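Report on the structure given below.
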Amino acid sequence: MTSHLLTLLLSLIAVVLPLRYGCTEIIGGHVVSPHSWPYMAAIQRKNLTVCGGALVEGQWVLTAAHCQLNEPEVRVVLGAHQASVAEKEQQIFKVMRYFPHPQFDKSSKENDIMLLKLKGIAKQNKYVQTLSLPDTYEDTKPGTKCKVAGWGVTSSGKPSKYLQETTLKIVDRKSCKSKYEKYTKITSNMLCALGKKYSKRDACKGDSGGPLICADRYSGIVSFGRGCGRSGMPGVYTRLTEKYIVWIKKLISLHRDP
Ligand code: ARG
């Protein structure tokens, strides 16, 4: 009798738990409709996606500075849905040169932004497109709805085969600061974003460098977080401030091939 009850209880748990936590990728997201993020880049080492990025010009990918790998086998995959497998839509490039922000600070994560110059120019089509840099510089207001995508770690603890996305909301910097007080300083060059209450939505390991898009505007870059998807703990993003946009445009025009 008790064993029947136990079986019933266990099967109930087996049904309910996946409902609550099952469709939880990136953390708490879902697989994207294939090629709906045509500017999304996968930065890979030996077929493993270590970071994301966004194509901002034919030969340029914007990512996080802590994604600098400096290894010859690094490749950038554009037009991917399943990034670690060959797909006909993909365009694959080696990195010609890394341009981390000159003031990037590894420990504080301040200025976590980097441009990659690709060895070759991406052909733009249905599957590969550039993401426009923001043309206004105001801060993204708390409560603004955002989305983020990546091939990073899901709730299973493993990276995702397919590109995943989730939706988040900007958290006011003050409350973010207090949550990160013990760990690091949250500056005005950063944005904090959190999933809906109890949803555990977040970026995670391997999603770094990917774009945060808020109200249809390229607003930030996945940078860091204390754990992933911890309730009430926002993820931190490099904010695309005027200073960074000016730096990006200058650098590209200076190093653009004639
Ligand atoms: N630093 C991580 C990476 O290298 C990204 C962390 C984002 N974490 C978070 N909880 N939002 O991929």
Side-chain angles (χ1 to χ4, degrees), residues 26 32 36-41 51-67 78 99-105 108-118 122 124 128-150 165-177 180 185-196 201-203 207-225 234-256:
I26 224 186
V32 307
S36 57
W37 290 66
Y39 37 79
M40 193 74 200
C51 274
L55 187 73
V56 293
E57 225 193 83
Q59 203 170 3
W60 297 87
V61 167
L62 188 62
T63 182
H66 81 265
C67 294
L78 303 173
F99 294 93
H101 193 281
Q103 273 100 45
F104 169 56
D105 187 303
S108 73
K109 294 282 190 320
E110 181 73 333
N111 306 307
D112 193 7
I113 184 169
M114 174 168 70
L115 276 161
L116 301 181
K117 188 179 182 185
L118 306 179
Q124 294 187 49
V128 175
Q129 276 161 39
T130 55
L131 179 59
S132 302
L133 292 166
D135 47 16
T136 53
Y137 307 120
E138 73 272 10
D139 202 2
T140 310
K141 287 188 188 64
T144 307
K145 215 175 149 190
C146 305
K147 57 177 186 173
V148 67
E165 68 181 342
T166 195
T167 52
L168 305 166
K169 267 185 183 173
I170 295 296
V171 170
D172 79 283
R173 212 167 272 112
K174 228 182 179 170
S175 79
C176 187
K177 262 183 191 158
Y180 276 91
K185 201 175 153 212
I186 301 298
T187 71
S188 59
N189 299 319
M190 300 172 185
L191 281 173
C192 300
L194 191 60
K196 268 201 258 190
R201 295 177 182 173
D202 198 1
D207 292 323
S208 280
L212 177 76
I213 297 175
C214 304
D216 280 326
R217 170 173 175 265
Y218 189 7
S219 305
I221 298 169
V222 179
S223 180
F224 67 93
V236 187
Y237 300 77
T238 308
R239 176 162 80 92
L240 292 180
T241 59
E242 179 167 16
K243 171 180 98 160
Y244 294 141
I245 303 300
V246 169
W247 171 75
I248 292 165
K249 288 189 172 161
K250 221 187 213 162
L251 199 139
I252 291 182
S253 70
L254 205 62
H255 295 271
R256 203 189 327 249

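Atom set for the values below is all heavy atoms of this structure, side chains included, hydrogens, waters and symmetry mates excluded. The shown structure was predicted, so the numbers you read here are calculated from the model rather than taken from an experiment.
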Quick check: do M114 and F104 have side-chain heavy atoms less than 4.5 Å from each other? no
Rounded to the nearest 0.5 Å, how far apart are CD1 of I186 and SG of C192? 4.5 Å
To the nearest 0.5 Å, what is the distance between CD1 (I170) and OG1 (T144)? 6.0 Å
Any non-hydrogen side-chain atom of R239 less than 4.5 Å from a side-chain atom of R173? yes
K147 atom NZ, neighbour heavy-atom count above 12 within 6.0 Å: yes
Any donor-acceptor pair under 3.5 Å from T187 side chain to N189 backbone: yes
Shortest non-hydrogen contact between R217 and T140, atoms and distance: NH1-OG1, 3.7 Å
Heavy-atom closest pair, residues G195 and L168: N-CD2, 3.6 Å
Y180 (side chain) donor-acceptor with P234 (main chain) under 3.5 angstrom: yes
Heavy-atom closest contact (D172 atom, P142 atom, distance): CB-CG, 3.5 Å
For the CG atom of L115 and the NE2 atom of H101, what is their distance to the nearest 0.5 Å? 10.0 Å
What distance separates Q124 CD from E57 CD, expressed to the nearest 0.5 Å? 9.0 Å
With no hydrogens and no angle check, is any side-chain donor or acceptor of R256 less than 3.5 Å from a backbone partner on Q59? no
Using 0.5 Å steps for rounding, measure from the CG atom of L55 to the CG atom of L116. 10.5 Å
Donor-acceptor under 3.5 Å (T63 side chain, G52 main chain): yes
Once the angle between the rings of F99 and W60 is folded into 0 to 90°, is it parallel (under 30°), tilted (30 to 60°) or perpendicular (over 60°)? tilted
For the backbone of H66 and the side chain of D112, can you confirm whether one donor and one acceptor N or O come within less than 3.5 Å of each other? yes
State, to 0.1 Å, how close A65 and P100 come at their nearest heavy-atom pair, and which atoms those are. CB-CB, 4.2 Å
Taking every heavy atom of L131 against every heavy atom of P211, the minimum-distance pair comes out as CD2-CB, 4.0 Å
Are side-chain heavy atoms of K185 and K177 found at a separation under 4.5 Å? no
Check: F224 main-chain N/O paired with K109 side-chain donor or acceptor under 3.5 Å: no
When the side chains of residues 240-250 are checked against the rest of the protein, which donor-acceptor pairs come out under 3.5 Å, sequence neighbours left out?
from	atom 1	to	atom 2	distance (Å)
T241	OG1	Y244	N	3.4
K243	NZ	N111	OD1	3.2
Y244	OH	N111	OD1	2.6

Side chain of R201, backbone of K196: donor and acceptor closer than 3.5 Å? no
Any side-chain heavy-atom pair from V56 and T130 closer than 4.5 angstrom? no
Working to the nearest 0.5 angstrom, can you tell me the gap between Y39 OH and L62 CG? 13.5 Å
Which atom names give the shortest non-hydrogen contact between V148 and Y237, and what distance separates them? CG2-CE2, 4.1 Å
Going by heavy atoms in the side chains, are L133 and Y218 under 4.5 Å from each other? yes
